[in-house]
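Everything on this sheet refers to the single structure shown next.
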Amino acid sequence: MNKINNLENKKGGDSYRRVAIAACFGTFLEWYDFLTFATLAVVLGPLFFPSSDPNAGLLASLATFGVGMVVRPIGSALFGSLGDRIGRKPVFMMTIVLMGLATVSVGFLPTYAQIGIWAPILLVGLRLAQGLSAGGEIGGGAVYLTEHAGASSRGFKTSFLQLMGPLGILVSTLQIALLQHWLSPAEFESWGWRVPFWVSLLLLLIAFQVRQSLEETPIFVELSKYTEKPQSQLLNNFKDPEIRKRMFLLFFCISSSGAILFFCIQVYTAIFLKTAIHLEPSVVDRLSICATVSLFPLTIFAGWLSDRLGRRPIVVGGIILGAICIYPAFELLAYLGNQHRETLTSFALLGMGAVMIWLSFVLALVVGPQTALLAELFPAKNRNSAATLPHNLAAGWIGGLLPFIVTWLNQVWGNHLAGLWYPTLFLLSAAIVAFLYLPETHQTNLTE
(Lines give C-alpha, C1' and ligand atoms only; values in the text may rest on other atoms or scores of the structure.)
Protein backbone atom coordinates (compact mmCIF):
# COMPACT_ATOMS: atom_id res chain seq x y z
CA MET A 1 0.00 0.00 0.00
CA ASN A 2 3.00 2.33 0.11
CA LYS A 3 2.56 2.91 -3.60
CA ILE A 4 -0.91 4.25 -2.99
CA ASN A 5 0.34 6.58 -0.28
CA ASN A 6 2.61 8.34 -2.78
CA LEU A 7 -0.11 9.03 -5.32
CA GLU A 8 -1.30 12.35 -4.01
CA ASN A 9 1.93 14.00 -5.06
CA LYS A 10 2.14 12.29 -8.46
CA LYS A 11 0.07 14.68 -10.55
CA GLY A 12 1.95 17.42 -12.31
CA GLY A 13 0.54 20.92 -12.69
CA ASP A 14 -0.08 20.70 -16.43
CA SER A 15 -1.73 17.29 -16.10
CA TYR A 16 -4.02 18.51 -13.31
CA ARG A 17 -5.02 21.61 -15.24
CA ARG A 18 -6.01 19.45 -18.21
CA VAL A 19 -8.07 17.18 -15.98
CA ALA A 20 -9.64 20.14 -14.17
CA ILE A 21 -10.64 21.88 -17.41
CA ALA A 22 -12.18 18.70 -18.81
CA ALA A 23 -14.06 17.90 -15.59
CA CYS A 24 -15.25 21.46 -15.07
CA PHE A 25 -16.50 21.87 -18.64
CA GLY A 26 -18.61 18.76 -18.33
CA THR A 27 -19.97 19.88 -14.97
CA PHE A 28 -20.71 23.31 -16.45
CA LEU A 29 -22.82 21.63 -19.14
CA GLU A 30 -24.69 19.64 -16.48
CA TRP A 31 -25.48 22.83 -14.55
CA TYR A 32 -26.28 24.86 -17.67
CA ASP A 33 -28.72 22.18 -18.82
CA PHE A 34 -30.23 21.67 -15.40
CA LEU A 35 -30.61 25.33 -14.43
CA THR A 36 -31.82 26.72 -17.75
CA PHE A 37 -35.18 25.32 -16.75
CA ALA A 38 -35.11 27.31 -13.50
CA THR A 39 -34.15 30.49 -15.34
CA LEU A 40 -37.14 30.01 -17.66
CA ALA A 41 -39.60 28.89 -14.94
CA VAL A 42 -41.68 32.08 -15.23
CA VAL A 43 -41.88 31.66 -19.05
CA LEU A 44 -42.55 27.91 -19.10
CA GLY A 45 -45.40 28.10 -16.57
CA PRO A 46 -48.12 29.41 -18.92
CA LEU A 47 -46.78 27.41 -21.91
CA PHE A 48 -46.94 24.00 -20.24
CA PHE A 49 -49.24 24.63 -17.27
CA PRO A 50 -51.86 27.13 -18.46
CA SER A 51 -54.13 28.41 -15.70
CA SER A 52 -56.38 31.36 -15.03
CA ASP A 53 -54.31 31.88 -11.87
CA PRO A 54 -50.71 32.94 -12.72
CA ASN A 55 -49.55 31.80 -9.28
CA ALA A 56 -50.81 28.27 -9.97
CA GLY A 57 -48.89 28.14 -13.25
CA LEU A 58 -45.71 29.36 -11.54
CA LEU A 59 -46.09 26.80 -8.75
CA ALA A 60 -46.56 24.00 -11.31
CA SER A 61 -43.45 25.12 -13.19
CA LEU A 62 -41.40 25.28 -9.98
CA ALA A 63 -42.74 21.87 -8.94
CA THR A 64 -41.56 20.44 -12.28
CA PHE A 65 -38.13 21.93 -11.61
CA GLY A 66 -38.27 20.31 -8.17
CA VAL A 67 -39.11 16.89 -9.65
CA GLY A 68 -35.74 16.83 -11.35
CA MET A 69 -34.11 17.56 -8.01
CA VAL A 70 -36.11 14.95 -6.09
CA VAL A 71 -34.82 12.06 -8.23
CA ARG A 72 -31.19 13.18 -7.90
CA PRO A 73 -30.60 10.83 -4.93
CA ILE A 74 -31.70 7.88 -7.10
CA GLY A 75 -29.19 8.90 -9.74
CA SER A 76 -26.50 9.31 -7.10
CA ALA A 77 -27.20 5.85 -5.64
CA LEU A 78 -27.04 4.27 -9.11
CA PHE A 79 -24.08 6.15 -10.58
CA GLY A 80 -22.24 6.57 -7.26
CA SER A 81 -22.26 2.82 -6.74
CA LEU A 82 -21.07 2.31 -10.33
CA GLY A 83 -18.28 4.80 -9.70
CA ASP A 84 -16.95 2.71 -6.81
CA ARG A 85 -17.15 -0.48 -8.92
CA ILE A 86 -16.18 0.41 -12.51
CA GLY A 87 -14.40 3.73 -12.04
CA ARG A 88 -15.10 7.46 -12.03
CA LYS A 89 -14.52 8.08 -15.76
CA PRO A 90 -17.09 5.68 -17.29
CA VAL A 91 -19.78 7.16 -15.07
CA PHE A 92 -18.87 10.64 -16.30
CA MET A 93 -19.45 9.57 -19.88
CA MET A 94 -22.87 8.10 -19.09
CA THR A 95 -24.14 11.11 -17.14
CA ILE A 96 -23.08 13.73 -19.69
CA VAL A 97 -24.85 11.93 -22.55
CA LEU A 98 -28.05 11.42 -20.54
CA MET A 99 -28.18 15.05 -19.45
CA GLY A 100 -27.38 16.45 -22.89
CA LEU A 101 -29.97 14.39 -24.76
CA ALA A 102 -32.72 15.11 -22.23
CA THR A 103 -32.04 18.84 -22.36
CA VAL A 104 -31.95 19.07 -26.14
CA SER A 105 -35.26 17.20 -26.21
CA VAL A 106 -36.92 19.88 -24.03
CA GLY A 107 -36.18 22.37 -26.82
CA PHE A 108 -38.30 20.32 -29.25
CA LEU A 109 -41.28 19.69 -26.95
CA PRO A 110 -44.71 20.82 -28.15
CA THR A 111 -46.55 23.09 -25.71
CA TYR A 112 -49.87 22.51 -23.95
CA ALA A 113 -51.68 24.45 -26.66
CA GLN A 114 -50.37 21.98 -29.25
CA ILE A 115 -50.76 18.54 -27.64
CA GLY A 116 -52.61 19.18 -24.38
CA ILE A 117 -51.83 17.19 -21.25
CA TRP A 118 -49.00 15.27 -22.96
CA ALA A 119 -46.88 18.43 -22.96
CA PRO A 120 -46.42 18.64 -19.16
CA ILE A 121 -46.16 14.83 -18.93
CA LEU A 122 -43.27 14.74 -21.41
CA LEU A 123 -41.65 17.74 -19.74
CA VAL A 124 -41.74 16.03 -16.35
CA GLY A 125 -40.28 12.85 -17.92
CA LEU A 126 -37.34 14.76 -19.34
CA ARG A 127 -36.80 16.50 -16.01
CA LEU A 128 -36.61 13.07 -14.38
CA ALA A 129 -33.88 12.05 -16.83
CA GLN A 130 -32.01 15.29 -16.09
CA GLY A 131 -32.29 14.63 -12.36
CA LEU A 132 -30.89 11.10 -12.65
CA SER A 133 -27.94 12.43 -14.64
CA ALA A 134 -27.25 15.29 -12.24
CA GLY A 135 -27.29 12.83 -9.34
CA GLY A 136 -24.38 10.92 -10.84
CA GLU A 137 -22.44 13.99 -11.95
CA ILE A 138 -22.72 16.43 -9.06
CA GLY A 139 -20.84 14.98 -6.12
CA GLY A 140 -19.06 12.41 -8.24
CA GLY A 141 -17.36 15.32 -10.00
CA ALA A 142 -16.11 16.57 -6.64
CA VAL A 143 -14.62 13.18 -5.81
CA TYR A 144 -13.01 12.87 -9.24
CA LEU A 145 -11.37 16.29 -9.18
CA THR A 146 -10.23 16.06 -5.55
CA GLU A 147 -8.58 12.68 -6.10
CA HIS A 148 -6.58 14.28 -8.93
CA ALA A 149 -5.72 17.43 -6.96
CA GLY A 150 -2.95 16.05 -4.73
CA ALA A 151 -2.30 16.95 -1.10
CA SER A 152 -1.27 20.58 -1.57
CA SER A 153 -3.85 23.42 -1.76
CA ARG A 154 -6.77 21.07 -2.35
CA GLY A 155 -9.33 23.67 -1.28
CA PHE A 156 -8.04 26.23 -3.77
CA LYS A 157 -7.59 23.78 -6.66
CA THR A 158 -11.02 22.18 -6.31
CA SER A 159 -12.97 25.39 -5.58
CA PHE A 160 -13.12 26.05 -9.34
CA LEU A 161 -15.60 23.18 -9.73
CA GLN A 162 -18.05 25.13 -7.56
CA LEU A 163 -18.03 27.94 -10.11
CA MET A 164 -19.73 25.76 -12.69
CA GLY A 165 -23.18 26.19 -11.15
CA PRO A 166 -23.02 30.00 -11.13
CA LEU A 167 -21.38 29.94 -14.57
CA GLY A 168 -24.24 27.80 -15.87
CA ILE A 169 -26.75 30.32 -14.52
CA LEU A 170 -24.71 33.25 -15.87
CA VAL A 171 -24.49 31.87 -19.41
CA SER A 172 -28.14 30.89 -19.37
CA THR A 173 -29.24 34.29 -18.02
CA LEU A 174 -27.09 36.22 -20.51
CA GLN A 175 -28.37 34.12 -23.38
CA ILE A 176 -32.00 34.61 -22.38
CA ALA A 177 -31.50 38.35 -21.81
CA LEU A 178 -30.02 38.71 -25.31
CA LEU A 179 -32.83 36.70 -26.86
CA GLN A 180 -35.43 38.83 -25.09
CA HIS A 181 -33.63 41.94 -26.33
CA TRP A 182 -33.44 40.77 -29.95
CA LEU A 183 -36.86 39.14 -30.18
CA SER A 184 -40.32 40.51 -29.63
CA PRO A 185 -42.28 39.08 -26.65
CA ALA A 186 -44.43 37.07 -29.10
CA GLU A 187 -41.36 35.63 -30.86
CA PHE A 188 -39.68 34.71 -27.59
CA GLU A 189 -42.83 32.98 -26.32
CA SER A 190 -43.30 31.21 -29.67
CA TRP A 191 -39.79 29.81 -30.21
CA GLY A 192 -37.11 31.97 -28.58
CA TRP A 193 -37.29 30.12 -25.24
CA ARG A 194 -36.22 26.94 -27.06
CA VAL A 195 -32.84 28.29 -28.18
CA PRO A 196 -30.96 27.73 -24.85
CA PHE A 197 -32.03 24.07 -24.97
CA TRP A 198 -30.94 23.71 -28.60
CA VAL A 199 -27.51 25.15 -27.76
CA SER A 200 -27.05 22.15 -25.46
CA LEU A 201 -26.49 19.92 -28.48
CA LEU A 202 -23.33 21.79 -29.44
CA LEU A 203 -22.14 21.86 -25.84
CA LEU A 204 -22.83 18.14 -25.51
CA LEU A 205 -20.67 17.30 -28.52
CA ILE A 206 -17.81 19.41 -27.13
CA ALA A 207 -18.14 17.98 -23.62
CA PHE A 208 -18.25 14.39 -24.87
CA GLN A 209 -15.07 14.90 -26.89
CA VAL A 210 -13.31 16.59 -23.97
CA ARG A 211 -14.33 13.88 -21.51
CA GLN A 212 -12.97 11.14 -23.72
CA SER A 213 -9.51 12.49 -22.92
CA LEU A 214 -10.03 12.19 -19.16
CA GLU A 215 -7.91 9.78 -17.16
CA GLU A 216 -9.17 7.56 -14.37
CA THR A 217 -8.11 8.87 -10.98
CA PRO A 218 -4.76 7.35 -9.86
CA ILE A 219 -6.21 6.56 -6.44
CA PHE A 220 -8.98 4.41 -7.96
CA VAL A 221 -6.53 2.70 -10.35
CA GLU A 222 -4.20 1.69 -7.53
CA LEU A 223 -7.06 0.80 -5.19
CA SER A 224 -8.51 -1.59 -7.77
CA LYS A 225 -5.19 -3.47 -7.86
CA TYR A 226 -5.58 -4.32 -4.18
CA THR A 227 -9.23 -5.32 -4.43
CA GLU A 228 -9.97 -8.80 -5.75
CA LYS A 229 -13.43 -7.91 -6.99
CA PRO A 230 -14.78 -4.33 -7.19
CA GLN A 231 -18.03 -4.12 -5.28
CA SER A 232 -20.72 -1.64 -4.43
CA GLN A 233 -20.07 0.03 -1.08
CA LEU A 234 -23.51 1.62 -0.78
CA LEU A 235 -24.91 -0.81 1.80
CA ASN A 236 -21.57 -1.04 3.62
CA ASN A 237 -21.65 2.72 4.12
CA PHE A 238 -24.75 2.45 6.30
CA LYS A 239 -23.29 -0.43 8.33
CA ASP A 240 -20.20 1.56 9.36
CA PRO A 241 -21.14 3.94 12.22
CA GLU A 242 -18.37 6.45 11.47
CA ILE A 243 -19.20 6.66 7.76
CA ARG A 244 -22.91 6.84 8.61
CA LYS A 245 -22.26 9.73 10.96
CA ARG A 246 -20.21 11.61 8.36
CA MET A 247 -22.84 11.00 5.70
CA PHE A 248 -25.40 12.62 8.01
CA LEU A 249 -23.10 15.60 8.67
CA LEU A 250 -22.52 15.97 4.92
CA PHE A 251 -26.25 15.80 4.25
CA PHE A 252 -27.57 17.99 7.05
CA CYS A 253 -24.81 20.55 7.51
CA ILE A 254 -22.61 20.94 4.44
CA SER A 255 -24.66 19.95 1.40
CA SER A 256 -28.07 21.07 2.68
CA SER A 257 -26.71 24.44 3.75
CA GLY A 258 -24.87 24.92 0.47
CA ALA A 259 -27.96 23.88 -1.50
CA ILE A 260 -30.29 26.16 0.47
CA LEU A 261 -27.98 29.13 0.05
CA PHE A 262 -27.37 28.35 -3.64
CA PHE A 263 -31.01 28.00 -4.61
CA CYS A 264 -32.12 30.82 -2.34
CA ILE A 265 -29.50 33.25 -3.65
CA GLN A 266 -28.86 32.10 -7.21
CA VAL A 267 -32.32 30.86 -8.20
CA TYR A 268 -35.06 32.17 -5.90
CA THR A 269 -33.79 35.76 -5.71
CA ALA A 270 -34.55 36.35 -9.40
CA ILE A 271 -37.99 34.72 -9.06
CA PHE A 272 -38.71 36.85 -5.98
CA LEU A 273 -37.73 40.12 -7.67
CA LYS A 274 -39.79 39.33 -10.78
CA THR A 275 -42.94 37.94 -9.17
CA ALA A 276 -43.14 39.51 -5.71
CA ILE A 277 -41.53 42.91 -6.33
CA HIS A 278 -42.56 43.03 -10.02
CA LEU A 279 -39.28 44.47 -11.26
CA GLU A 280 -38.59 44.46 -14.98
CA PRO A 281 -36.94 41.18 -16.08
CA SER A 282 -34.09 43.12 -17.71
CA VAL A 283 -33.31 44.85 -14.40
CA VAL A 284 -33.41 41.56 -12.49
CA ASP A 285 -31.14 39.91 -15.06
CA ARG A 286 -28.54 42.68 -14.70
CA LEU A 287 -28.59 42.38 -10.91
CA SER A 288 -28.31 38.58 -11.11
CA ILE A 289 -25.38 38.79 -13.50
CA CYS A 290 -23.48 41.20 -11.21
CA ALA A 291 -24.08 38.98 -8.17
CA THR A 292 -23.03 35.85 -10.05
CA VAL A 293 -19.84 37.43 -11.42
CA SER A 294 -18.88 38.49 -7.88
CA LEU A 295 -19.33 34.91 -6.71
CA PHE A 296 -16.43 33.66 -8.86
CA PRO A 297 -13.50 35.32 -7.03
CA LEU A 298 -15.27 34.97 -3.67
CA THR A 299 -15.59 31.18 -4.08
CA ILE A 300 -11.94 30.77 -5.05
CA PHE A 301 -10.92 32.98 -2.11
CA ALA A 302 -12.98 30.83 0.29
CA GLY A 303 -11.38 27.65 -1.06
CA TRP A 304 -7.90 29.18 -0.67
CA LEU A 305 -8.72 30.39 2.85
CA SER A 306 -9.86 26.91 3.86
CA ASP A 307 -6.37 25.61 3.00
CA ARG A 308 -4.92 28.11 5.49
CA LEU A 309 -7.49 28.13 8.29
CA GLY A 310 -9.17 24.76 7.77
CA ARG A 311 -12.45 23.74 6.16
CA ARG A 312 -14.46 23.74 9.39
CA PRO A 313 -14.26 27.42 10.46
CA ILE A 314 -14.95 28.69 6.93
CA VAL A 315 -17.97 26.44 6.31
CA VAL A 316 -19.46 26.87 9.79
CA GLY A 317 -18.99 30.64 9.57
CA GLY A 318 -20.82 30.71 6.25
CA ILE A 319 -23.76 28.69 7.61
CA ILE A 320 -24.09 30.99 10.63
CA LEU A 321 -24.01 34.11 8.45
CA GLY A 322 -26.62 32.54 6.18
CA ALA A 323 -28.98 31.92 9.10
CA ILE A 324 -28.54 35.51 10.26
CA CYS A 325 -28.71 37.28 6.89
CA ILE A 326 -31.23 35.55 4.60
CA TYR A 327 -34.45 37.08 5.96
CA PRO A 328 -33.22 40.67 6.51
CA ALA A 329 -31.47 40.62 3.10
CA PHE A 330 -34.71 39.80 1.27
CA GLU A 331 -36.58 42.29 3.43
CA LEU A 332 -34.12 44.97 2.32
CA LEU A 333 -34.47 43.91 -1.33
CA ALA A 334 -38.26 44.19 -1.03
CA TYR A 335 -37.99 47.61 0.63
CA LEU A 336 -35.66 49.02 -2.02
CA GLY A 337 -37.70 47.56 -4.87
CA ASN A 338 -41.07 48.73 -3.53
CA GLN A 339 -39.88 52.21 -2.61
CA HIS A 340 -38.42 52.89 -6.03
CA ARG A 341 -40.57 50.75 -8.32
CA GLU A 342 -41.94 53.67 -10.31
CA THR A 343 -38.53 55.14 -11.11
CA LEU A 344 -35.83 52.74 -10.03
CA THR A 345 -33.04 55.04 -8.89
CA SER A 346 -29.32 54.40 -9.05
CA PHE A 347 -29.28 54.30 -5.25
CA ALA A 348 -31.87 51.52 -5.19
CA LEU A 349 -30.02 49.53 -7.86
CA LEU A 350 -26.71 49.91 -6.04
CA GLY A 351 -28.36 48.92 -2.78
CA MET A 352 -29.93 45.78 -4.24
CA GLY A 353 -26.67 44.91 -5.99
CA ALA A 354 -24.74 45.27 -2.72
CA VAL A 355 -27.22 43.02 -0.90
CA MET A 356 -26.96 40.34 -3.57
CA ILE A 357 -23.14 40.49 -3.59
CA TRP A 358 -23.10 40.12 0.19
CA LEU A 359 -25.32 37.05 -0.11
CA SER A 360 -22.89 35.71 -2.73
CA PHE A 361 -20.08 36.09 -0.20
CA VAL A 362 -22.04 34.07 2.36
CA LEU A 363 -22.68 31.36 -0.25
CA ALA A 364 -18.99 31.31 -1.23
CA LEU A 365 -17.91 30.55 2.35
CA VAL A 366 -19.93 27.33 2.31
CA VAL A 367 -19.37 26.11 -1.27
CA GLY A 368 -15.73 27.22 -1.74
CA PRO A 369 -14.28 24.45 0.48
CA GLN A 370 -17.14 22.04 -0.31
CA THR A 371 -15.57 20.11 -3.20
CA ALA A 372 -12.52 19.11 -1.18
CA LEU A 373 -14.56 18.47 1.95
CA LEU A 374 -16.88 16.02 0.17
CA ALA A 375 -13.97 13.74 -0.68
CA GLU A 376 -11.97 14.27 2.52
CA LEU A 377 -14.77 13.01 4.75
CA PHE A 378 -14.64 9.41 3.46
CA PRO A 379 -12.12 6.59 2.81
CA ALA A 380 -11.10 5.91 -0.80
CA LYS A 381 -12.99 2.65 -1.33
CA ASN A 382 -16.31 4.13 -0.14
CA ARG A 383 -15.81 7.69 -1.30
CA ASN A 384 -17.89 7.95 -4.47
CA SER A 385 -21.06 6.36 -3.10
CA ALA A 386 -20.70 7.80 0.41
CA ALA A 387 -20.27 11.36 -0.87
CA THR A 388 -22.72 11.43 -3.77
CA LEU A 389 -25.83 10.05 -2.03
CA PRO A 390 -26.12 12.49 0.90
CA HIS A 391 -24.92 15.38 -1.26
CA ASN A 392 -27.59 14.81 -3.90
CA LEU A 393 -30.24 13.99 -1.32
CA ALA A 394 -29.59 17.40 0.23
CA ALA A 395 -29.40 19.22 -3.09
CA GLY A 396 -32.49 17.47 -4.43
CA TRP A 397 -34.87 17.31 -1.51
CA ILE A 398 -33.73 20.32 0.50
CA GLY A 399 -32.29 22.76 -2.04
CA GLY A 400 -34.16 21.84 -5.20
CA LEU A 401 -37.58 22.11 -3.59
CA LEU A 402 -36.73 25.38 -1.85
CA PRO A 403 -38.14 27.76 -4.52
CA PHE A 404 -41.40 25.80 -4.55
CA ILE A 405 -41.70 25.53 -0.76
CA VAL A 406 -40.87 29.19 -0.15
CA THR A 407 -43.29 30.36 -2.86
CA TRP A 408 -46.03 28.07 -1.51
CA LEU A 409 -45.53 29.27 2.09
CA ASN A 410 -45.64 32.87 0.88
CA GLN A 411 -49.00 32.20 -0.77
CA VAL A 412 -50.38 30.34 2.26
CA TRP A 413 -49.46 33.16 4.64
CA GLY A 414 -50.20 35.95 2.16
CA ASN A 415 -46.76 37.46 2.71
CA HIS A 416 -43.86 37.57 0.24
CA LEU A 417 -41.31 37.04 3.02
CA ALA A 418 -43.02 34.43 5.23
CA GLY A 419 -41.54 31.45 3.39
CA LEU A 420 -37.99 32.61 4.11
CA TRP A 421 -38.32 31.41 7.69
CA TYR A 422 -37.93 27.89 6.28
CA PRO A 423 -34.32 28.34 5.05
CA THR A 424 -33.52 30.52 8.06
CA LEU A 425 -34.51 27.91 10.64
CA PHE A 426 -32.89 25.10 8.66
CA LEU A 427 -29.58 26.97 8.46
CA LEU A 428 -29.72 27.77 12.16
CA SER A 429 -30.16 24.08 13.02
CA ALA A 430 -27.37 23.07 10.64
CA ALA A 431 -25.04 25.67 12.14
CA ILE A 432 -25.53 24.26 15.65
CA VAL A 433 -24.92 20.65 14.55
CA ALA A 434 -21.88 21.61 12.45
CA PHE A 435 -20.36 23.65 15.27
CA LEU A 436 -20.68 20.69 17.65
CA TYR A 437 -19.77 17.73 15.43
CA LEU A 438 -18.17 18.64 12.09
CA PRO A 439 -14.52 17.44 12.01
CA GLU A 440 -11.58 19.25 10.44
CA THR A 441 -10.42 17.46 7.27
CA HIS A 442 -8.05 19.68 5.31
CA GLN A 443 -4.97 17.57 6.17
CA THR A 444 -6.65 14.26 5.33
CA ASN A 445 -4.68 11.72 3.28
CA LEU A 446 -7.08 10.81 0.46
CA THR A 447 -5.41 7.47 -0.24
CA GLU A 448 -6.41 5.98 3.11
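Under the 30°/60° scheme for interplanar angles, the aromatic rings of Trp193 and Phe197 are found to stand perpendicular.
A donor and an acceptor atom, one from each side chain of Thr441 and Glu376, are located under 3.5 Å apart.
Across every non-hydrogen atom of Gln370 and Gly258, the tightest pair is NE2-CA, 4.1 Å. The heavy-atom pair separating Ser133 from Met99 by the smallest distance is OG-CB, 3.1 Å. Minimum heavy-atom separation, Ala291 to Met356: CB-CB, 3.8 Å. Between Thr424 and Ala323 the shortest heavy-atom distance is CG2-O, 3.4 Å. In this structure, Ile314 and Ser306 approach most closely via the heavy-atom pair CG1-CA, 4.0 Å. The two atoms that bring Pro423 and Val406 nearest to each other are CD-CG2, 4.2 Å, heavy atoms only.
Evaluation of the ring pair (Phe, Tyr, Trp, His ring centres under 6.0 Å) test over residues 305-329, restricted to residues two or more places apart or in two chains, returns Tyr327-Trp421.
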Should Leu78 and Leu132 be marked as a side chain to side chain contact (heavy atoms under 4.5 Å, CB included) after you check the CA-CA gap, both sets of side-chain angles, and the distance that decides it? CA-CA 9 Å; Leu78 171 63; Leu132 290 173; 5.9 Å; no
Worked check of side chain to side chain contact (heavy atoms under 4.5 Å, CB included) between Asp240 and Phe378: CA-CA 11 Å; Asp240 188 311; Phe378 305 106; over 6 Å; no
Test log, rule side chain to side chain contact (heavy atoms under 4.5 Å, CB included), inputs Val362 and Ile324: CA-CA 10 Å; Val362 174; Ile324 294 171; over 6 Å; no
Before you tell me yes or no, could you show the steps for Leu261 and Leu359 under side chain to side chain contact (heavy atoms under 4.5 Å, CB included), namely the whole-Å CA-CA distance, both residues' side-chain angles and the distance that decides it to 0.1 Å? CA-CA 8 Å; Leu261 288 169; Leu359 290 175; over 6 Å; no
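Using a 4.5 Å cut-off on side-chain heavy atoms (C-beta onward), Arg154 and Arg311 make contact. Here the side chains of Thr407 and Phe272 are not in contact, with every heavy-atom distance at 4.5 Å or above. Counting heavy atoms from C-beta on, the side chains of Ile243 and Leu377 never come closer than 4.5 Å. Side-chain contact between Ile277 and Leu333: absent, with no pair of heavy atoms (C-beta onward) separated by less than 4.5 Å. The side-chain heavy atoms of Leu363 and Cys264, taken from C-beta on, include no pair separated by under 4.5 Å. Inter-residue side-chain proximity for Gln130 and Leu126 is flagged as unmet; no heavy-atom pair is nearer than 4.5 Å. Proximity of Pro390 to Leu249: side-chain heavy atoms (C-beta onward) are nowhere separated by under 4.5 Å. Leu402 has its side chain out of reach of Phe262: every pair of non-hydrogen atoms, C-beta onward, lies at least 4.5 Å apart.
Each of Ile357, Leu332, Leu279 was evaluated against Met352; a single residue qualifies, Leu279, per the side-chain contact (heavy atoms from CB on, under 4.5 Å) test.
Summarising the geometry, atom CZ belonging to Arg246 is positioned 9.5 Å from atom CD1 belonging to Ile254; distances are rounded to the nearest 0.5 Å. Between atom CZ of residue Phe160 and atom CD1 of residue Ile300 there is a gap of 4.0 Å, rounded to the nearest 0.5 Å. Note: Leu161 CG to Thr371 OG1 = 4.5 Å, rounded to the nearest 0.5 Å. Taken from CG in Leu273 to CG in Leu287, the straight-line distance is 7.0 Å, to the nearest 0.5 Å. Between the CG atom of Leu128 and the CG atom of Leu123 there is a distance of 10.0 Å, given to the nearest 0.5 Å. Taking CG of Leu295 as the reference point, atom SG of Cys290 lies at 13.0 Å (rounded to 0.5 Å).
At distances below 3.5 Å, not a single donor-acceptor pair connects side-chain atoms of Ser159 with backbone N or O atoms of Pro369. Within the 3.5 Å criterion, the main-chain N or O of Leu425 finds a donor-acceptor partner in the side chain of Ser429. Looking at Asn410, its side chain does come within 3.5 Å of a backbone N or O of His416 through a donor-acceptor pair. Of the possible donor and acceptor atoms, none in the side chain of Thr158 sits under 3.5 Å from a partner among the backbone N and O of Thr146. Checked by atom type and distance alone, the side chain of Ser172 never pairs as donor or acceptor with a backbone atom of Gly168 at under 3.5 Å. A donor-acceptor pair under 3.5 Å is absent between the side-chain atoms of Ser255 and the main chain of Phe251, judged by distance alone. In this structure, the side chain of Arg244 engages the main chain of Phe238 through a donor-acceptor pair within 3.5 Å.
Residues passing the ring-ring contact (aromatic ring centres under 6.0 Å, His included) test with Phe252, sequence neighbours excluded: Phe248, Phe426. Here Tyr422 pairs with nothing under the ring-ring contact (aromatic ring centres under 6.0 Å, His included) rule; sequence neighbours left out. Residues passing the side-chain contact (heavy atoms from CB on, under 4.5 Å) test with Phe296, sequence neighbours excluded: Leu163, Pro166, Leu167, Leu170, Thr292. Looking at residues two or more places apart in sequence or on another chain, you find no side chain to side chain donor-acceptor pair (under 3.5 Å) involving Gln209. Here Asp285 pairs with Thr173, Ala177, Gln180, Lys274 under the side-chain contact (heavy atoms from CB on, under 4.5 Å) rule; sequence neighbours left out.
Counting heavy-atom neighbours within 6.0 Å of Glu440 CD, excluding the residue itself, gives a total above 12. In the displayed structure, Trp198 atom CH2 is contacted under 6.0 Å by more than 12 heavy atoms of other residues, nucleotides or ligands.
By the 6.0 Å and 45° rule, Arg312 stacks over the aromatic ring of Phe435.
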